[in-house]
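Notes follow the structure.
Numbers restart at 1 for each chain; the letters A, B, ... are given by sequence-line order, proteins then strands.
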Amino acid sequence: MAFLEISGITKHFGQGAGAAVDDFSLSVERGEFISFLGPSGCGKTTTLRVVAGFEQANAGSVHINGAEVSSVPANRRNVGMVFQAYALFPNMTVAENVGFGLRVAGQPAALMQARVAEMLELIRLPDYGRRYPHQLSGGQQQRVALARALAVQPQLLLLDEPLSALDAKIRIELRSEIRRIQQELKLTTIYVTHDQEEALSLSDRIVVMNLGRIEQVGTPFEIYNYPRTAFTASFVGHLNLLPVQVTDAATGACTFEGTALASSQPAPNKQAGSARLAIRPEELVLGGAGANRLSGRVLSVNFLGNVVRVRVRVGAVELSVDMFNERKLVLPAVDAQVVLSFPAHACWLMD
Amino acid sequence: MTKSRFNPWTWLWVTVATLYFFVPLWGTFDFSLRMKRGAITFLAYQKVFADPKFLQSFRYSATMGVITVIVSIMLFVPTTYWIHLKLPRLRPVVELLTLLPFIIPVIVLVFGLIRTFSRPPFRMTQTEFTTDILITAGYVILSMPFMFRAVDVGMRAIDVRTLTEAAQSLGAGWLRVLLSVILPNLRVAILSGSLITFATVVGELILADFLVRPALGPYMVVVGGGKAYEPAALGILSFGLTWICLGIIQLVSRGDVRLQPIGR
């Protein structure tokens with residue numbers, strides 16, 4: 001059995017309401033960093049709260065380190081939790097906040113002080129022990145909340161959208177801090193987020209969720225490059241979809257408005273007929289020598305810094321093309337006729 | 001902004017309001033000083049303090065006030081906490097319930113109490129002690145709107161649910177959460193609720209009168225019926241007491257922001 005074993009969790013709030021979480025099962029190995037990724041209302045936070053013990057599941061079980069915890073109250077699970085709203089105790093100093101769990105556990109004062117100092121060192125705020133939460137910035141407060149959760153040496157760390165309330169720059173900084181600390185302590189971690197960039201950059205594995213169900217579980221590389229469902233494909237990263245007619249289901253050959261296109265994978269339902277051909281913007285090339293070629297008219301050119309995004313109208317659809325910025329890049333003119341190409345292995349058919 | 005500073009209407013209304021509030025107060029104060037013909041003396045105040053019944057009734061009312069405050073805190077803090085945490089949908093209902101003392105006259109309350117609890121099997125009006133229990137219960141109900149509201153507002157100012165969950169995930173049980181996390185962050189709210197409750201009890205007349213307890217309210221009525229200057233002095237005294245209460249709230253809540261911030 002894996003270190004954290006979630007099996008068949010189902011949760012609905014009130015009768016008649018649809019399931020917030022529907023038959024969720026997942027095995028997490030010790031030391032793994034798992035992200036639950038999905039839009040709001042997809043059940044990711046509810047699942048996390050079931051693991052933490054703040055919600056009772058209607059069905060299913062949770063095993064932590066071999067022990068079934070469904071009937072164990074939240075305060076006996078030894079699970080650290082970090083909240084979006086920081087939730088530092090406003091009446092206590094930073095040191096008192098970090099030491100709270102140890103005080104509850106009845107640890108001797110000397111040990112507590114040493115541990116608090118160690119934790120403040122870990123989050124790189126060693127001199128902030130005597131301050132009150134309201135004297136800290138949002139990013140600092142969240143670091144303290146992280147230290148508070150880690151001080152009791154939890155067997156599991158749960159983070160519920162911990163960076164959502166912070167500025168973009170702090171977010172990226174704290175993101176790598178969280179990863180560093182998690183690696184340092186080899187702590188089994190579940191991280192809930194709706195931000196695909198966070199999930200992709202932090203996780204060992206990502207659980208993509210929608211409408212209470214798991215859409216796909218995989219490494220960031222797998223999730224991004226080989227999305228198995230239409231939802232995963234469109235939620236993680238940007239996706240172009242071409243309505244096509246499948247001509248040969250076995251080889252994945254199809255036509256788009258009369259132009260023959262090749263994909264390297266067979267059609268998912270093994271049948272000819274209408275389907276959608278998916279391709280990432282960064283795998284489309286302006287000009288180029290890919291096997292598949294489409295011609296269209298440039299609608300707009302957006303300079304985004306490291307990337308230039310070009311919108312091109314091809315027949316009835318608009319496609320996004322991303323190009324890496326470089327100084328010698330020649331940007332296409334709006335209304336110019338261009339040819340787009342992409343290799344067969346870059347695209348795949350979806351229902 | 002600069003325009004409003006020179007607006008004469010502002011000053012007119014401020015002046016009218018000030019006169020409206022302070023002229024009667026000044027009049028009462030002035031009157032209370034004129035017990036001795038042709039001289040300004042504090043004789044009326046001396047007489048008030050010299051009457052042992054004043055001190056007795058004040059001591060009784062103050063004691064009942066303190067007991068009522070303690071009972072109210074023990075009743076309303078956990079209840080409000082539970083409603084915020086587990087039954088947020090019940091909040092409007094409870095809010096309405098706590099408003100009932102404003103709607104139902106005290107006289108109805110006291111007759112209800114007497115009719116129900118002076119008969120068998122309760123017979124609570126037969127001894128002073130059980131009558132005091134009855135009157136405390138009545139005071140708790142009378143001060144319910146103030147206490148509930150104060151605690152409720154205090155709880156809305158902090159994120160009760162998330163703070164509770166944070167403490168729980170760190171191993172704290174219910175009692176620990178309530179005592180170490182929730183209560184300290186409600187200090188100002190509880191204090192202001194307590195002082196208003198205390199003031200309500202000290203000034204209360206009807207309950208004590210009908211249950212025949214030696215409280216300050218009935219005493220003031222008796223004095224007011226038979227004398228001229230002492231009631232004025234008593235009025236000024238009770239006014240002063242209320243102001244001191246409000247001053248303490250102001251002082252503590254301001255000190256709180258500086259010394260023990262609660263994130264406002």
Query raised in the report: Between atom CZ of Phe54(A) and atom OG1 of Thr164(B), what is the distance when rounded to the nearest 0.5 Å?
Result: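 Going from the CZ atom of Phe54(A) to the OG1 atom of Thr164(B) covers 9.5 Å.
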
Query raised in the report: In Å, rounded to the nearest 0.5 Å, how long is the span from CG of Leu157(A) to OG of Ser169(B)?
Result: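 Rounded to the nearest 0.5 Å, the CG-OG separation comes out at 9.5 Å.
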
Is [X] in contact with chain B via its backbone, its side chain, both, or neither, using a 4.5 Å heavy-atom distance?
X         : value
Arg49(A)  : side chain
Leu88(A)  : backbone
Ala145(A) : neither

Query - Closest non-hydrogen atom pair between Asn91(A) and Asn185(B), with its separation - result: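 Asn91(A) and Asn185(B) have their closest heavy atoms at OD1-ND2, 3.1 Å.
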
**Report entry** Minimum heavy-atom distance between Thr162(B) and Ala87(A), given as atom pair plus value
**Finding:**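 That closest heavy-atom pairing would be CG2-CB, 3.5 Å.
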
Query raised in the report: More than 12 heavy atoms of other residues, nucleotides or ligands under 6.0 Å from CZ of Arg76(A): is that the case?
Result: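 Check fails, neighbour count at 12 or below.
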
Report task. Could you list which of residues 172-182 of chain B have a heavy atom closer than 4.5 Å to any heavy atom of chain A, in residue-number order? Result ->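 Ala172(B), Gly173(B), Arg176(B), Ser180(B), Val181(B), listed by number.
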
